[in-house]
Enquirer: 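Please read through the structure below; I'll follow up with questions.
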Amino acid sequence: MDIAFSAELEAFRREVAAFLDTAPTPEIREAGAKTTSVFAPFEQVMAWQKILHAKGWAAPGWPKEYGGTGWSVEQRYIFAEEYWARDLPPLLPNGLGMVGPLLMELGTEEQKAKYLPGILSGEDYWTQGYSEPGAGSDLASLSCSAVADGDDYVINGSKIWTTLAHKANRMFMLVRTSREGKKQQGITFLLLDRVDYPGMEIRPIVGLDGVPEQCEVFFTNVRVPQSGRVGAENDGWTVAKALLKHERGGSAQSPAMYRKLDQLRAAAAATASPNGGTFAADPVFQRDLGELEAEIAAYAAFEKMVLTGHPIGRDPAMPSMNKVMSSELAQRVSVLMTRVAGLNGLPLQLGALEVDSGIAPLGSMHDLVAMPYYLNSRATTIYAGTNEVQRDLIARTLPVG
Amino acid sequence: MDFTFTPEQQMLTDSLSRLLGQHYAFDQRRKIVASPEGRSTRVWNELRDMGLLALPLPESLGGLGGSIVDVVAIGELMGRHIVVEPWLTSAAVAAAVVAATDPARAEALLDGSALAALAHEEGAGTADPATIATRIDAAGRLTGEKALVIAGDAASVFIVSAKGADGAPALYLVDGAAEGLTRQSFTTIDGRRAAHLRFASVAVTPVAGDPAAVLREVLATALIGFSAEAVGAMGALLETTATYASTRKQFGVPIASFQVIAHRLADMKLAYVKARSLLLHTAALAEAGVASARELSLLKAQVGRLGRQLGESAVQIHGGVGMTDELSVGHYLKRILFVDALLGGADYHLQRIGAGV
């Protein structure tokens, strides 16, 4: 075993810290402090991606040939630690973490040349068109159809939970191209160059937190070129599974959780407990906070096993275990955040939550973000395959007699 | 970063696994536990021949200079077979301290003819050495009581934690035949032989080295080693339970096909993976000499908490047979319970972590 960081790595840490201390604008910092979702405030985070791209640091996990950093596992972990220590908004995952790596693996040379630069630079934001009103956990039952017609497909149907579709300029989606055979066999993976094709309509959906983060997208005889297909027609399920691999895993999430824990500890020290004294001095709260930290520590250790290629990380259940652990931890953090916020979490503060709104929050920053974060985090155990589906998958990897 | 075992450690665990498979199958273990000595001289000699008694001692004391990661690799297998031989406390924890303090005792420990023991727990538990009540009086003699001393029934030498005349906790070497030492022997719930010890003005030798550092090191090794045993027991329970659920039929189908059972099994796997990841991570920190008291608390808390969850689920999924002494399941649970209670249970450590200690 080997865990010690070398002097070169400490120098790297200082280099990262120096850049992150100076590069973000005040608006970008404010967006980071007001991030209450996996998806940071859109305009500011895309602006931040362009700054990181200019430095060459937009995609720590990408191979160098595609514009990635070529950093080692240790360097990426250090970058994540320094990044989160400054409450910077996390770059949106759809392009950099999902469709980008997928194209590297399965896209044509033409598709890579056309799409990867925009994904890396932050010119493009891709929304994900997977779920449908009738196809959630049972995604393979999706029915939004694409019929080949000349060089095009003609799409009819709808997609839902297309995050930030109203801000997107591109979309990747699964469509039904055949109803023969098993339901998984008639699915095709498509890239859409635009989200304003004639016949496309986007309806934002306001979430529990009061924010229109999700959308539904309707397709009526929408004509898109077949050149946007990834993989073969009717082989989209294989493509989707390859993408899933990128969706769950890759970048370190535990540094973000440790940061949230630190903020929670600080808020607990500044807030009176109903039991008298501060939350930080309340043994009941201490016990719960200790359990949260122990769970974060276990997850962080698991994440390091994954990042370093330990056999624990090569378990076929790894993506599902990672999803269950990280999503349930996010919820646990949010529960203690709202406990500390107490009554101060109850005012609805949509205006103050907006970046550059000039509206001062009622109470502290912790009070401002605790409830929206809690409410938004209800989704973590639902999206990307519900945790019930993940537990089914984990159980299937266990030995049978 | 690298958390894998070295090829040498892998070879060692392969051989130990074979040895325990041969001599420590569940039925053989039952016989060992029920024997008058409650230990197997044959297995102990096999461990010696494999070099495991020498492994934890530094080369300067005739050992092989093993590391805490070796203790973890071996400890996991000891837990997997619910071994009752006191390898951890005698060979991995106490022997090096005894040999450094009194080199004449090294040979008998290395050749397997003598056992050493750690006498630390007291009263309601001794998670924090500051609570130790056993004392060295002005005349330099030891008075007090120690509980749950593994191999305390047979050890010929003890290392005992006590507060010195200056009030600071430290370790002292006590001869097993010392005047004023009395033992009350018993078998623990997880099959080990142990004893409560009473010291009435007993002659001691302070252990070699910086007292605070040696005590810290000894307790850290014990905590990590016991945690490894619990994690090994968790792994065995997970496999046994998953296999049982896929073969046991009710309502005409394997019970693993019921989603409530499948999800309980999934949670068991999550618990095991979390506990084992934390164990290996902590071992790497300890090997590099940077495992803090906080990190040890995190490990101990999670092993106790997750181990209990997993063990209780294993009994539940086995149903009625899980309640019987004939099956290994309950014995694994009891090994986990034993480890949880030593050196501070999960709740103690969780509160301490939350308090920022």
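The model shown is predicted, which means the values in this text are computed figures rather than measured ones. Chain naming here is simple, since letters A, B, ... match the order of the sequence lines and numbering starts at 1 in each.
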Enquirer: What residue in A/Asp282, A/Asn387, A/Asp315 has the most heavy-atom pairs under 4.5 Å with chain B?
Expert: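 Of A/Asp282, A/Asn387, A/Asp315, A/Asp315 has the most heavy-atom pairs under 4.5 Å with chain B.
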Enquirer: Looking at chain A, which one of B/Pro254, B/Gly356, B/Ala355 has the largest number of heavy-atom pairs inside 4.5 Å, strictly under?
Expert: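 Highest number of pairs under 4.5 Å: B/Ala355.
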Enquirer: Top residue by heavy-atom pair count (under 4.5 Å) with chain B, among A/Glu291, A/Met325, A/Arg396?
Expert: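 Highest number of pairs under 4.5 Å: A/Glu291.
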Enquirer: Considering only heavy atoms and a distance below 4.5 Å, find which of A/Ala317, A/Gly313, A/Ala298 pairs most often with chain B.
Expert: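 Among A/Ala317, A/Gly313, A/Ala298, the one with the most close pairs to chain B is A/Ala298.
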Enquirer: Whether the side chain of B/Ser277 engages the backbone of A/Ala301 through a donor-acceptor N/O pair (distance < 3.5 Å, no angle test) should be reported.
Expert: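 No: the side chain of B/Ser277 does not pair with the backbone of A/Ala301.
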Enquirer: What residue in A/Leu292, A/Ile312, A/Thr397 has the most heavy-atom pairs under 4.5 Å with chain B?
Expert: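 When all of A/Leu292, A/Ile312, A/Thr397 are compared, A/Ile312 has the most.
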Enquirer: For the pair A/Thr386 (side chain) and A/Val389 (backbone), establish whether a donor and an acceptor sit closer than 3.5 Å, ignoring hydrogens and angles.
Expert: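 Answer holds: yes.
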Enquirer: Let me know if A/Asp288 has heavy atoms under 4.5 Å from chain B in its side chain, its backbone, both or neither.
Expert: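 It is neither, since no heavy atom gets under 4.5 Å.
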Enquirer: Please classify the contact of B/Ala288 with chain A as side chain, backbone, both or neither, using a heavy-atom distance under 4.5 Å.
Expert: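 Side chain of B/Ala288 only, per the 4.5 Å heavy-atom cut-off to chain A.
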Enquirer: Heavy atoms only, distances under 4.5 angstrom: which of B/Thr241, B/Leu306, B/Leu280 has the most pairs with chain A? Name it, please.
Expert: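 Ranked by contacts with chain A, first place is B/Leu280.
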Enquirer: With chain A as the partner, which of B/Arg305, B/Glu287, B/Gln9, B/His349 has the greatest number of non-hydrogen pairs under 4.5 Å?
Expert: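 Of the options given, most contacts go to B/Arg305.
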Enquirer: How far apart are the closest heavy atoms of B/Arg294 and B/Val357, and which atoms are they?
Expert: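 In this case the closest contact between B/Arg294 and B/Val357 is NH1-O, 3.4 Å.
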Enquirer: Around atom CD of B/Glu326, are there more than 12 heavy atoms from other residues, nucleotides or ligands closer than 6.0 Å?
Expert: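 Result for CD/B/Glu326: open.
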Enquirer: Checking B/Asp340 side chain against B/Ala346 main chain: does a donor-acceptor pair fall under 3.5 Å?
Expert: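 Yes: the side chain of B/Asp340 pairs with the backbone of B/Ala346.
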Enquirer: Check whether A/Arg265 gets within reach of chain B through its side chain, its backbone, both or neither, counting any heavy atom under 4.5 Å.
Expert: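 Answer is side chain: those atoms of A/Arg265 sit under 4.5 Å from chain B.
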Enquirer: Is it the backbone or the side chain of A/Val284 that comes under 4.5 Å from a heavy atom of chain B, or both, or neither?
Expert: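 Neither part; nothing is under 4.5 Å.
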Enquirer: Would you mind checking which part of B/Phe5 comes under 4.5 Å of any heavy atom in chain A, side chain (CB onward), backbone (N, CA, C, O), both or neither?
Expert: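 For B/Phe5, the contact with chain A is made by the side chain alone.
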Enquirer: Less than 4.5 Å apart, any side-chain heavy atom of B/Val71 and any of B/Leu55?
Expert: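 Side-chain contact under 4.5 Å: no.
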Enquirer: So which part of A/Glu295 gets closer than 4.5 Å to some heavy atom of chain B, the side chain, the backbone, both or neither?
Expert: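 The answer is both parts of A/Glu295.
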Enquirer: Given the options B/Val290, B/Leu278, B/Thr282, which has more heavy-atom pairs under 4.5 Å with chain A than any of the others?
Expert: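 Heavy-atom pair counts peak at B/Leu278.
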Enquirer: Judged by modelled atom types alone, do B/Ser313 and B/Gln316 share a side-chain donor-acceptor pair under 3.5 Å?
Expert: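 Checked: B/Ser313/B/Gln316 side chains show no N/O donor-acceptor pair below 3.5 Å.
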Enquirer: Taking atom types as modelled and ignoring hydrogens, do the side chains of B/His263 and A/Asp392 form a donor-acceptor contact shorter than 3.5 angstrom?
Expert: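 Their side chains do contain a donor-acceptor pair, which is all the 3.5 Å distance test asks for.
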Enquirer: Has A/Lys323 got a side-chain atom pairing as donor or acceptor with A/Gly385's backbone, closer than 3.5 angstrom?
Expert: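 Flag set: sc A/Lys323 to bb A/Gly385 pair under 3.5 Å.
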Enquirer: Decide if atom CE of A/Met365 counts as having more than 12 heavy atoms of other residues, nucleotides or ligands within a radius under 6.0 Å.
Expert: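 Counting other residues, nucleotides and ligands, CE of A/Met365 exceeds 12 neighbours.
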Enquirer: Give a yes or no on whether B/Glu217 atom CD has more than 12 heavy-atom contacts from other residues, nucleotides or ligands under 6.0 Å away.
Expert: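 At most 12 heavy atoms, drawn from other residues, nucleotides or ligands, come within 6.0 Å of this atom.
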Enquirer: Which region of B/Gln259, side chain (C-beta onward) or backbone (N, CA, C, O), has a non-hydrogen atom less than 4.5 Å from a non-hydrogen atom of chain A, or is it both or neither?
Expert: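 For B/Gln259, the contact with chain A is made by the side chain alone.
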Enquirer: Given that the side chain runs from C-beta out, which part of A/Ser72 has a heavy atom under 4.5 Å from chain B: side chain, backbone, both or neither?
Expert: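 Neither part; nothing is under 4.5 Å.
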Enquirer: Would you mind telling me which of B/Asp267, B/Leu279, B/Leu299 has the largest number of heavy-atom pairs within less than 4.5 Å of chain A?
Expert: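 Winner by heavy-atom pair count: B/Asp267.
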Enquirer: B/Arg352 versus chain A, heavy atoms under 4.5 Å apart: side chain, backbone, both or neither?
Expert: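 Neither; nothing under 4.5 Å.
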Enquirer: Under 3.5 Å, is there a donor on one side chain and an acceptor on the other for B/Asp14 and B/Ser17?
Expert: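 B/Asp14 vs B/Ser17: no donor-acceptor pair found between side chains.
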Enquirer: If we define contacts as heavy-atom pairs under 4.5 Å, which of A/Ala395, A/Gly309, A/Ala300 has the most with chain B?
Expert: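 It is A/Ala395.
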